[in-house]
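This is a predicted model, so every value here is computed, not measured. The sequence lines fix the lettering, A, B, ..., with proteins before strands; numbering per chain opens at 1. Basis for what follows: all heavy atoms, side chains included, without hydrogens, waters or symmetry-related copies.
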Number of protein chains: 2
Amino acid sequence: MDKHLHHTFHALGDATRLAVVEQLLKGPASVSELAGPHDMALPAFTKHLRVLEGAGLISSQKKGRVRTCFIQAPTMRDLQGWFAQRQRMWEARLDNLAAYVEDNGKG
Amino acid sequence: MDKHLHHTFHALGDATRLAVVEQLLKGPASVSELAGPHDMALPAFTKHLRVLEGAGLISSQKKGRVRTCFIQAPTMRDLQGWFAQRQRMWEARLDNLAAYVEDNGKG
DNA sequence: TAAATGCTTATCCATTTGGTTAAGTTATTA
DNA sequence: TAATAACTTAACCAAATGGATAAGCATTTA
C-alpha cells in the first residue's frame with residue numbers, strides 16, 4: 001500500500017510505532033502482546049498498527065480471535081538500501097560544515 | 001538537539017523534508033536554492049528546515065543575508081547504523097508470514 | 001542612499017494525528 | 001449456553017502540523 005519512502009519514514013516517526021517494529025524484529029506477536037507495554041487504550045494502539053501495515057512495515061493475519069503481526073522484511077531492506085546507496089554522499093564531505101568553511105576561507 | 005530516533009524518522013517523514021535531505025546530499029545549498037523546487041511560500045519552507053535542523057539531520061550557517069545548509073553526516077550514520085544492527089533480525093525469518101504459516105501448519 | 005535580495009517573525013487557519021470512551025462482533029472456555 | 005477474551009467500529013476531542021499572508025530587518029547592489 002506504500003509507494004513513497006517518506007510514508008515509510010512517517011510510520012517510524014512515532015515512539016509507539018518504532019517500539020512495535022523493534023518488538024516484531026524479535027519475532028511475530030499478537031495485538032495484545034504488542035499493546036502490553038504501551039499505556040494507551042486498544043483502539044488507539046490498533047490505529048498505530050494500521051499505520052505500520054499501511055506503510056508496508058508489518059503485515060498481519062487473523063486466526064480465530066487473535067491477530068498475529070509480523071515484520072515485513074522487504075520494506076526494512078528498502079530502507080536500509082536507501083541509506084546504503086547514499087552513504088558515500090554524506091561521507092564524501094566528512095563534516096560538511098568544516099568542508100564548507102575550508103572551501104570559502106575561514107571568515 | 002535530537003535525542004530519540006523516532007524524532008529523526010519523523011523529520012524524514014515528509015515529502016518536502018526528504019527532498020531537501022536528498023538535495024543536501026549533493027552538497028551545501030542556500031535556503032532559496034533549497035526552496036526553489038518546492039511550491040510553497042518561504043515561511044512554510046523554512047519551518048521544514050527548522051524541523052530538519054532540530055532533528056540534527058542538517059545544520060546551517062548565516063553569512064551576510066544568505067543562510068547555507070549542510071547535511072549532518074553523524075546523524076545519517078546513526079540511522080544507517082540502526083538498520084545495519086537489525087538487519088540480521090529481519091533477514092533471519094526471510095519472509096515472516098511464510099515462516100509463521102509453516103510453524104503452525106498451513107491452516 | 002534608494003531599491004532589491006534573502007531571509008525572519010508574527011498571526012492565522014484547515015486538516016491530520018493521537019488519544020479517549022462506548023458499544024459491538026467473533027471466537028474460546030467454563 | 002453463559003461468560004470471557006480478543007479485538008473492531010464508531011463517534012468524539014485537543015493538540016500538532018503544514019500551509020497561508022503581512023510585515024519587518026539586515027545586507028548587497030545600483
Side-chain angles (χ1 to χ4, degrees), chain A residues 1-21 23-24 28-55 57-70 97 100 104-105 107, chain B residues 1-21 23-24 28-55 57-70 97 100 104-105 107:
Chain A
M1 187 181 275
D2 180 51
K3 193 179 173 187
H4 296 291
L5 202 63
H6 73 266
H7 292 140
T8 320
F9 284 130
H10 175 260
L12 294 174
D14 172 275
T16 302
R17 292 194 296 262
L18 187 56
V20 167
V21 167
Q23 190 171 344
L24 287 179
S30 72
V31 170
S32 37
E33 283 167 350
L34 291 169
H38 303 281
D39 186 24
M40 78 183 61
L42 249 199
F45 185 77
T46 57
K47 273 189 200 175
H48 286 301
L49 293 183
R50 275 195 293 279
V51 171
L52 287 169
E53 201 155 3
L57 279 160
I58 73 174
S59 67
S60 72
Q61 208 187 223
K62 198 163 185 176
K63 193 165 187 173
R65 58 187 173 173
V66 177
R67 177 173 298 279
T68 303
C69 301
F70 322 84
L97 181 55
Y100 172 77
N104 291 268
Chain B
M1 189 179 276
D2 179 53
K3 192 177 172 186
H4 295 292
L5 202 63
H6 72 267
H7 291 140
T8 320
F9 284 130
H10 174 259
L12 293 174
D14 171 275
T16 302
R17 291 193 296 260
L18 187 56
V20 166
V21 167
Q23 190 172 345
L24 287 179
S30 72
V31 170
S32 38
E33 282 167 351
L34 291 168
H38 304 283
D39 187 23
M40 79 182 60
L42 249 198
F45 185 77
T46 56
K47 273 191 201 174
H48 286 301
L49 292 183
R50 275 195 294 279
V51 171
L52 288 170
E53 201 155 1
L57 280 161
I58 74 174
S59 66
S60 71
Q61 208 187 223
K62 198 164 183 175
K63 193 166 186 172
R65 57 188 175 176
V66 177
R67 177 173 298 278
T68 304
C69 302
F70 322 83
L97 181 55
Y100 173 78
N104 291 269

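When side chains are defined from C-beta on, B/His48 does not count as touching B/Val20, because their heavy atoms never get closer than 4.5 Å. Side chains of B/Leu34 and B/Gln23 form a contact here, defined as non-hydrogen atoms less than 4.5 Å apart. Side-chain contact between A/Leu42 and A/Val31 is present, with heavy atoms from C-beta onward closer than 4.5 Å.
The line from NZ of A/Lys47 to CE of A/Met40 is 11.0 Å long, rounded to the nearest 0.5 Å. Separating the CG atom in A/Leu52 from the CG atom in A/Leu18 is a distance of 9.0 Å, to the nearest 0.5 Å.
Nucleotide D/dC13 holds its C1' atom 16 Å from the CE atom of A/Met40, rounded to whole Å. Taking atom NE2 of residue B/His7 and atom C1' of nucleotide D/dT17, one finds them 14 Å apart after rounding to whole Å. With rounding to whole Å, A/Asp14 atom CG is found 18 Å from C/dT16 atom P. One can place CD of A/Glu33 at 12 Å from C1' of D/dA6, the figure rounded to the nearest angstrom. One can place CZ of B/Arg65 at 4 Å from C1' of D/dT28, the figure rounded to the nearest angstrom. Distance B/His38 NE2 to D/dG18 P: 14 Å, rounded to the nearest Å. Between the CZ atom of A/Phe9 and the P atom of D/dT17 there is a distance of 19 Å, given to the nearest Å. We find that CZ of B/Arg67 is positioned 14 Å from C1' of D/dT27, with the value rounded to whole Å.
Here A/Arg50 lies out of heavy-atom contact (under 4.0 Å) with every strand.
Phosphate proximity of C/dT8 to B/Lys62: present, with a side-chain N or O under 4.0 Å from OP1 or OP2. Applying the 4.0 Å criterion to OP1 and OP2 of C/dC7, one finds that B/Ser30 has a side-chain N or O inside that range. Between A/Ser32 and D/dC7 there is a side-chain N or O to OP1 or OP2 distance below 4.0 Å.
Using a 4.0 Å cut-off on heavy atoms, the residues of residues 42-49 of chain B that approach DNA chain C are B/Leu42, B/Pro43, listed by number.
Mapping A/Arg17 and B/Val66 onto DNA chain C via the closest heavy atom, the residue that lands nearer the 5' end is B/Val66.
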(message) The test is side-chain contact (heavy atoms from CB on, under 4.5 Å); show your working for A/Leu49 and A/Cys69 and say whether it passes.
(response) CA-CA 9 Å; A/Leu49 293 183; A/Cys69 301; 4.3 Å; yes
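Ring pair A/His6/A/His4 is parallel by interplanar angle, where below 30° counts as parallel and above 60° as perpendicular.
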